[in-house]
Amino acid sequence: MKKTIFIFLCFSQAVLAQHKKKTPPLLPPEKLAEYSFSKEELLNDELKGSKWYFDLKNYDQTQLSFDKDAAKPDVLYFVDDTNFRININQKHCKSLIKGTFEIIRKTEEPMTTQMGHRSFRISTPYQKCVHKFSFFLLNNLDISFEQQGKVMKMKAIEEIPPPTVRGF
């Protein structure tokens, strides 16, 4: 009897014990500075307050074009220099997507972005009718912005992970 109580006590201590969750260490400020962009490197200030119209029916999962034609049903609105809002007004899908953005300015020299950089971060909960479009926004996007033509195009960039060598 004593053995069974002892075994039960040991088992309950191992199974029912509360374990602390391990929290990942915070990045030091030097590392955070490596991953941030200056205001001159971003288009955020130029895009703030602007509205871009598009039709989700023209979305082909690799690219999407935006323009200033208000006749199109869907709207991408850059609320301020960090937040955006997308209103989807399709026949079978009415939705609102909110989040933050960080769009890198294109330069003449070849552009090297950090692997894993995301232009858009979505803060609204998952919505079934726009899940493919939301996934597109979360990809690494090549965004071209023409100030004169009032056209903006987004293309998904396929990221290739760095090669790994066996044994390392």
Within-4.5 Å side-chain heavy-atom neighbours: Gln90 and Asp55:
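The answer is yes, as the side chains (C-beta and beyond) meet within the 4.5 Å cut-off.
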Looking at residues at least two apart in the chain, or sitting in another chain, which of them share a ring pair (Phe, Tyr, Trp, His ring centres under 6.0 Å) with Phe120?
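Testing Phe120 for ring pair (Phe, Tyr, Trp, His ring centres under 6.0 Å), a comparison that skips the adjacent residues, returns Phe84.
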Listed partners of Phe136 passing ring pair (Phe, Tyr, Trp, His ring centres under 6.0 Å), at least two apart
Tyr59
Contacts of Lys94 that satisfy side chain to side chain contact (heavy atoms under 4.5 Å, CB included) - sequence neighbours left out:
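Applying side chain to side chain contact (heavy atoms under 4.5 Å, CB included) to Lys94 gives Asn89.
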Has Lys68 got more than 12 heavy atoms of other residues, nucleotides or ligands less than 6.0 Å from its NZ?
yes
Any donor-acceptor pair under 3.5 Å linking the side chain of Asn139 with the backbone of Ala156?
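Here the side-chain-to-backbone pair does not exist.
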If we ignore hydrogens and angles and just use 3.5 Å, is the side chain of Thr124 paired with the main-chain N or O of Ile97 as donor and acceptor?
no
Over all atoms of both residues, closest heavy-atom pair of [X] and [Y]:
X      : Y      : value
Met154 : Leu137 : SD-CD2, 4.4 Å
Gly99  : Ser123 : CA-OG, 3.6 Å
Lys72  : Asp67  : NZ-OD2, 2.8 Å
Phe54  : Leu76  : CE2-N, 3.9 Å

Rounded to the nearest 0.5 angstrom, the CD-CG distance for Glu102 and Asp81 is 11.0 Å
Can you tell me how far the CG atom of Leu141 sits from the NZ atom of Lys153, to the nearest 0.5 Å?
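That separation rounds to 15.0 Å.
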Hey, quick one: are [X] and [Y] part of the same hydrophobic cluster, counting side-chain heavy atoms closer than 4.5 Å, chains of contacts allowed?
X     : Y      : result
Phe66 : Val75  : no
Leu47 : Tyr53  : no
Leu64 : Leu138 : yes

Within 45° of the ring axis of Tyr77 and under 6.0 Å from its six-membered ring centre, is that where the NZ or CZ of Lys51 lies?
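Yes, Lys51 lies over the aromatic ring of Tyr77.
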Could you give all pairs that pass the disulfide bond (SG atoms under 2.5 Å apart) test and reach residues 69-102, with sequence neighbours left out?
Cys93-Cys129
Under the rule for side-chain hydrogen bond (donor to acceptor under 3.5 Å, both in side chains), what residues qualify as partners of Ser50, not counting sequence neighbours?
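In terms of side-chain hydrogen bond (donor to acceptor under 3.5 Å, both in side chains), with neighbours along the sequence ignored, Ser50 is linked to Trp52.
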For Asn83, which residues count as a side-chain hydrogen bond (donor to acceptor under 3.5 Å, both in side chains) partner, sequence neighbours excluded?
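With sequence neighbours excluded, Asn83 shows a side-chain hydrogen bond (donor to acceptor under 3.5 Å, both in side chains) to Asp80, given in chain and number order.
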